[in-house]
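Here is the structure we will look at.
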Amino acid sequence: MQMKQVIYDCQCSQSHFYKVLAGKRPLNEHIRKYLAQLLSVSEEELEDLICNKSTVRKEAPHYASKVTKNHKAITWKRTLITIIFLSVLLLSYLFEDIKPLVVESRYSTNSEIQDIPIFVKDVTIPDGTAIPVNTEFVKIWRIKNGGGVMWSGRYLQRMTIASQGLCQSPNRIPIPETAPGEVIDLEVTFKTPSLPGSCRTDWKMVDDRGKLIYPTLSGLYSIVQVVQIQQRAYDKTH
């Protein structure tokens with residue numbers, strides 16, 4: 001949960017929220033109930049831990065020492081829980097974009113066997129490679145059938161629209177039958193446009209009807225920098 005989400009759920013401004021945690025503003029009913037539920041404490045405990053209710057001045061002198069100790073204990077607990085509360089929210093905020101890779105699972109009709117594609121590496125043309133204008137190049141991706149389902153009747157489909165300002169390529173290439181655990185290379189021939197710039201194309205696996213097999217997964221992609229250099233100079237280095 002993000003800090004901004006907590007503040008939003010408390011239905012107050014950011015400055016008001018922090019003043020409440022510091023004991024400078026009173027707890028209203030909504031904030032009290034929400035924070036008590038979030039921290040798994042009673043509303044009374046939350047009131048004691050957050051609200052700055054100093055009763056020392058109201059007590060008789062012979063109770064002053066005892067009340068002072070109690071107040072220090074409450075202040076210490078309030079400070080501790082506030083630190084823990086803010087630390088948890090801060091860590092959640094810092095790591096909110098770090099999520100585990102969720103691989104979509106597809107199952108056969110007979111048994112529950114995951115269908116998982118695994119990217120291995122770029123065999124040719126690493127991302128960011130500089131290639132001259134009007135030049136053909138071959139991109140090869142290496143992938144692995146990481147599940148237990150035979151790949152058959154599948155294709156690698158270009159998802160990026162065709163444009164004269166982008167690299168040209170076939171719209172689709174067939175994927176050979178691939179047994180579970182097998183590693184294959186997928187090869188696509190591109191031609192760079194006539195003007196320099198950045199060129200990216202994205203690709204995904206589809207069935208013979210063009211339906212996405214892994215609609216929620218990121219696909220393969222190619223990124224090259226199209227440059228205005230002499231073709232002969234490029235040929236000598238490749």
> Taking atom CE of Met205 and atom CG of Leu186, what is their separation to the nearest 0.5 Å?
Replying inline: 7.0 Å
> From Arg158 CZ over to Ser222 OG, what is the distance, rounded to the nearest 0.5 angstrom?
Replying inline: 9.5 Å
>> Are Phe119 and Val188 linked, directly or through intermediate hydrophobic residues, by side-chain heavy-atom contacts shorter than 4.5 Å (ILVMFWY only)?
In response: yes
> Can you tell me how far CG of Asp122 sits from NZ of Lys139, rounded to the nearest 0.5 angstrom?
Replying inline: 3.0 Å
> Leu166, Val133: one ILVMFWY side-chain cluster at the under-4.5 Å cut-off?
Replying inline: no
> Hey, does the side chain of Ser169 reach the backbone of Thr189 with a donor-acceptor pair shorter than 3.5 angstrom?
Replying inline: no
> In a check of side-chain contact (heavy atoms from CB on, under 4.5 Å) between Ile131 and each of Val226, Ile125, Val227, which one passes?
Replying inline: Ile125
>> Restricting to non-hydrogen atoms, name the atom on Tyr221 and the atom on Asp202 that form the minimum distance, rounded to 0.1 Å.
In response: CB-OD2, 3.5 Å
> Gln228 and Pro196: which non-hydrogen atoms are nearest, and at how many Å?
Replying inline: OE1-CD, 3.8 Å
> Taking a hydrophobic cluster as the set of Ile, Leu, Val, Met, Phe, Trp and Tyr residues connected by side-chain heavy atoms closer than 4.5 Å, whether directly or through intermediates, do Leu156 and Ile223 fall within one such cluster?
Replying inline: no
>> If you define the side chain from C-beta out and look only at heavy atoms, does anything of Ile143 sit under 4.5 Å from Pro117?
In response: no
> Can Gln157 and Lys204 be said to form a side-chain contact (heavy atoms from CB on, under 4.5 Å), step by step?
Replying inline: CA-CA 5 Å; Gln157 176 81 39; Lys204 284 195 172 187; 5.6 Å; no
>> Which heavy atom of Pro180 sits nearest to which heavy atom of Gly147, and what is that distance?
In response: CB-O, 3.2 Å
>> How long is the straight-line distance from CG of Asn171 back to OH of Tyr155, given to the nearest 0.5 Å?
In response: 12.5 Å
>> If we ignore hydrogens and angles and just use 3.5 Å, is the side chain of Thr192 paired with the main-chain N or O of Thr135 as donor and acceptor?
In response: yes
> Taking the inter-plane angle between the rings of Trp141 and Trp203 on a 0 to 90° scale, is it parallel (under 30°), tilted (30 to 60°) or perpendicular (over 60°)?
Replying inline: tilted
> If you round to the nearest 0.5 Å, how far is CZ of Arg200 from SG of Cys167?
Replying inline: 12.5 Å
>> Rounded to the nearest 0.5 Å, what separates atom OG1 in Thr201 from atom CE in Met159?
In response: 12.0 Å
> Where is the tightest heavy-atom contact between Ser152 and Glu177, given as atom of each residue plus distance?
Replying inline: OG-OE2, 3.2 Å
> Is Ile116 close to Tyr214 at the side-chain level, that is, under 4.5 Å between some pair of heavy atoms?
Replying inline: no
> With Arg142, which of Thr124, Ile184, Val123 fulfils side-chain contact (heavy atoms from CB on, under 4.5 Å)?
Replying inline: Val123
> Between the main-chain N or O of Asp127 and the side-chain N or O of Thr129, is there a donor-acceptor pair closer than 3.5 Å?
Replying inline: no
